[in-house]
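Data block below; observations after.
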There are 2 protein chains.
Amino acid sequence: MTNTDQPTDQAGLRPTKQRLAVASALAETEGFQSAQEIHDLLGRRGDSVGLATVYRTLQRLAEAGDVDMMRTEDGEAIYRRCSDSHHHHLVCRTCGRTVEVEGPAVERWTSAMAAEHGYADVSHTLEIFGTCRDCQ
Amino acid sequence: MTNTDQPTDQAGLRPTKQRLAVASALAETEGFQSAQEIHDLLGRRGDSVGLATVYRTLQRLAEAGDVDMMRTEDGEAIYRRCSDSHHHHLVCRTCGRTVEVEGPAVERWTSAMAAEHGYADVSHTLEIFGTCRDCQ
DNA sequence: CCATGTTTGACAACGATTCTCATTGCGAGT
DNA sequence: ACTCGCAATGAGAATCGTTGTCAAACATGG
Ligand SMILES: [Zn+2]
Ligand SMILES: [Zn+2]
Ligand SMILES: [Zn+2]
Ligand SMILES: [Zn+2]
């Protein structure tokens, strides 16, 4: 289901069967998934794709900003499709439900802090964790 | 030098020679270090401590909140002694120089976002990266 | 169809972290 | 000080996510 007829803008990469498969796996899943989970999902679904290819594709997508990459508590990389504007995540510690949040407040604060200490070319990472309504 | 005569509050853990060695390695270093770097440092210095022990000790200290743990871009865990109050880090992408920053603004913002979406029991992680004055 | 640069996949190689388990060292109680 | 019980250690093996290798399969422009 949920065909990916749209171009999916893969930033100058060939739209190969494998890359489309990974893209669709991301498209039809709401939360964050590890490369291996995506690999398993594709295998189970029939569109088998090599594990190395899944890793490569996810890296490319993350670099291009087409997906968000964050790390679990134990360092594993997990990915999720997301809007292309800068934003942060509010993640449920129990079920993983994720909400994208944004606002000028943090952006301003981080810039101010950096400027105050003479740091240039600033970026930041911010993740909020909590227990969502359904899991309380 | 810089003896660690203070109790170093190891949260109910036996103050063994090894744990004290790790604590002192953290005490005399300013920036973030990986477990392996600490292990090497101790070896070079004579207070040889098993690698597994270094890992175990750092985990305990991190859980107890006596040191900060964050992850490098590629998922490696790095540790640094730090003040015990809640704060965030402003890290130089080039030389690693780190400044601890804090302020009620972000704390309020994250709480507000979480509340707005019905998330309870909230915590967050925030790291700011930039290029420090000396590295520009 | 052909030449040429991409992409893929099976598998090996890596590197950080964790596990195993026999040995050692505290430390409370005597 | 002596002893018992259990926490702590260390050497090495084992995990496991991730990356490297490289020959074979492909996509694309001419
Ligand atoms: Zn996102
Ligand atoms: Zn939840
Ligand atoms: Zn610097
Ligand atoms: Zn904070």
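Below, read A as the first sequence line, B as the second, and so on, with proteins coming before strands; counting in each chain starts at 1.
Distances shorter than 4.0 Å separate some side-chain N or O of Gln59(B) from OP1 or OP2 on dT18(C). Side-chain nitrogen and oxygen atoms of Tyr55(B) include at least one within less than 4.0 Å of the OP1 or OP2 phosphate oxygen of dT17(C). At dC26(D), none of the side-chain N or O atoms of Gln18(A) fall inside 4.0 Å of OP1 or OP2 (strictly under the cut-off).
In this structure, Ile78(B) atom CD1 and dG15(C) atom C1' are separated by 16 Å, rounded to whole Å. Rounded to a whole Å, the CG atom of Leu58(B) is 13 Å from the C1' atom of dA16(C). Summarising the geometry, the separation between NE2 on His39(A) and C1' on dT19(D) is reported as 15 Å, rounded to the nearest angstrom. Straight-line distance from the CD atom of Gln36(A) to the P atom of dT19(D): 11 Å, rounded to whole Å. For the pair Asp74(A) CG and dT15(D) P, the interatomic distance rounds to 17 Å; values are reported in whole Å.
Across all strands shown, Glu37(A) has no heavy atoms under 4.0 Å from either base or sugar-phosphate atoms.
A search for ring-ring contact (aromatic ring centres under 6.0 Å, His included) contacts involving His39(A) returns nothing, not counting sequence neighbours. The ring-ring contact (aromatic ring centres under 6.0 Å, His included) test applied to His87(B) returns His89(B), not counting sequence neighbours.
Comparing atom distances between the Ala77(B) side chain and each of dT17(C), dG9(C), dT18(C) picks out dT17(C) as nearest. Checked against dG10(D), dG9(C), dG17(D), the side chain of Val49(B) finds its nearest nucleotide in dG10(D).
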**Request:** Encode nucleotides 20-30 of chain C as B, S and - characters from 5' to 3', where the letter depends on protein heavy atoms closer than 4.0 Å: B to the base, S only to sugar-phosphate, - to neither.
**Result:** B----BBS---
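Put simply, the side chain of Arg81(B) never gets that close to the backbone of Asp66(B): no donor and acceptor are under 3.5 Å apart.
Remark on DNA chain C: of its neighbouring residues Thr53(A) and Arg71(B), the 5'-side contact belongs to Thr53(A), judged by nearest-heavy-atom nucleotide.
By the 4.5 Å side-chain criterion applied to Ile, Leu, Val, Met, Phe, Trp and Tyr, Tyr55(A) is assigned to a cluster that also includes Leu51(A). With a 4.5 Å cut-off between side-chain heavy atoms of Ile, Leu, Val, Met, Phe, Trp and Tyr, the cluster of Val91(B) takes in Phe32(B), Met70(B), Ile78(B), Phe129(B).
Side-chain N/O atoms of Arg56(B) and Thr53(B) include a donor and acceptor closer than 3.5 Å. No side-chain donor-acceptor contact under 3.5 Å links Thr125(A) and Arg71(A).
Defining each end axis of the helix from dC1(C)-dG30(D) to dT30(C)-dA1(D) as the rotation carrying four pairs' C1' atoms onto the next four, with five pairs an end, the two axes are found to diverge by 30° to 10 degrees.
The line from CD1 of Ile38(B) to OG1 of Thr29(B) is 7.5 Å long, rounded to the nearest 0.5 Å.
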